[in-house]
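Okay, so here's the structure we're looking at.
Order of the sequence lines fixes the chain letters, A, B, ..., with proteins taken first and strands second; residue numbering starts at 1 for each chain. Quantities reported herein were computed from a predicted structural model and do not represent experimental measurements.
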There are 2 protein chains.
Amino acid sequence: MGLTKSEFFTENQNKTATLLKALGHPARIAIVEYLLRVKTCICGDIVNELPLAQPTVSQHLKELKNAGIIKGNIEGNAICYCLDEGALEYINSYFGNMLTEIYKKSTCC
Amino acid sequence: MGLTKSEFFTENQNKTATLLKALGHPARIAIVEYLLRVKTCICGDIVNELPLAQPTVSQHLKELKNAGIIKGNIEGNAICYCLDEGALEYINSYFGNMLTEIYKKSTCC
DNA sequence: TTGTTTCATTGCAATATTACGATAATAATT
DNA sequence: AATTATTATCGTAATATTGCAATGAAACAA
């Protein structure tokens, strides 16, 4: 098959999985960490930062954008990418809530 | 190719990506949320909870275990799975730190 | 207009993932 | 020993992902 059965899971489960899947690759983690490090927005110098060819970086950026992790704004002939605060807040509160739930319960096994 | 160039990224970047990749599937999110919901550890009734066949669930459990998200303890002929607190704490602090960094900086674009 | 810069898209090959039926393996039960 | 319960593994098919060379598109500069 190879086809995820998304229709059997809740909207939130799919949303969470989509966001985390987008971050589930070291190159995309590196891109996000780079975007976090540079104070202002950047665009194509992500290519200079990573050991990957330009089309590969472009594809990773597309996936991050589709998932909602980053935003891209056109500025002349360059494109300015930046992190989407909302998405990261969503993930952060997801794990925050999860941990408070865990701490309420006894450890098992 | 289809082969991730992990050797070009840092150990932490690879670790983070591995953890998030394991959670990047709605079935595995559902498994984790189920493990969070049931007070004590469970084993094979995850199969009854999800709309997936037993081998598929077993495979997802294996991936979660390999990534370090869950632990499995043998109890007689059953296996008791439970969440690995440490892994979730790692992820939580990763995004916590990221957000505090974001809040320090001005929004772009 | 011609070139330059910047980025996306196409097309392809190699590999990974997802899902399941069938089967095996292990431990308790009868 | 035979049965049952529980879970893992194997094998296979369909699809997705990763990566890059080549090419295209859009904006700017000369």
B/L61 vs B/I31, test: side chain to side chain contact (heavy atoms under 4.5 Å, CB included). Steps then yes/no.
CA-CA 8 Å; B/L61 287 171; B/I31 289 174; 3.9 Å; yes
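- Taking only distance into account, the side chain of B/Q59 never meets the base of D/dA8 through a donor-acceptor pair shorter than 3.5 Å.
- Contact annotation for A/L52: backbone-only contact, meaning every heavy-atom pair under 4.0 Å involves sugar-phosphate atoms and none involves a base.
- Not counting sequence neighbours, the partners of B/E63 by the salt bridge (Lys or Arg N to Asp or Glu O under 4.0 Å) test are B/R28.
- Taking a 4.0 Å limit (strictly below) on heavy-atom distances, residues 11-25 of chain A does not reach DNA chain C anywhere.
- At a cut-off of 3.5 angstrom, the base of C/dT26 holds no donor-acceptor pair with the side chain of B/N77.
- Residue contacts for A/E63: at a heavy-atom cut-off of 4.0 Å it reaches the sugar-phosphate backbone alone, with no base atom in range.
- The residue among B/P55 and A/D45 whose nearest nucleotide of DNA chain C is located toward the 5' end is A/D45.
- Considering only the side chain of A/K5, C/dA19 comes nearest among C/dA19, D/dT9, D/dG19.
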Before giving the answer on side chain to side chain contact (heavy atoms under 4.5 Å, CB included), spell out for A/H60 and A/H25 the whole-Å C-alpha distance, their side-chain angles and the decisive distance to 0.1 Å.
CA-CA 9 Å; A/H60 283 307; A/H25 190 287; 3.8 Å; yes
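- A salt bridge between B/E49 and B/R37 is present, with a side-chain N of the basic residue lying under 4.0 Å from a carboxylate O of the acidic one.
- For B/E11, the CD atom counts as loosely surrounded, since its 6.0 Å shell holds 12 or fewer non-hydrogen atoms of other residues, nucleotides or ligands.
- Of all nucleotides listed (D/dC20, C/dA19, C/dT18), C/dT18 comes nearest to the side chain of B/R28.
- Each of A/S6 and A/V57 lies near DNA chain C, and the nucleotide nearest A/V57 is the one positioned closer to the 5' end.
- Between B/K21 atom NZ and B/L23 atom CG the span is 12.5 Å, to the nearest 0.5 Å.
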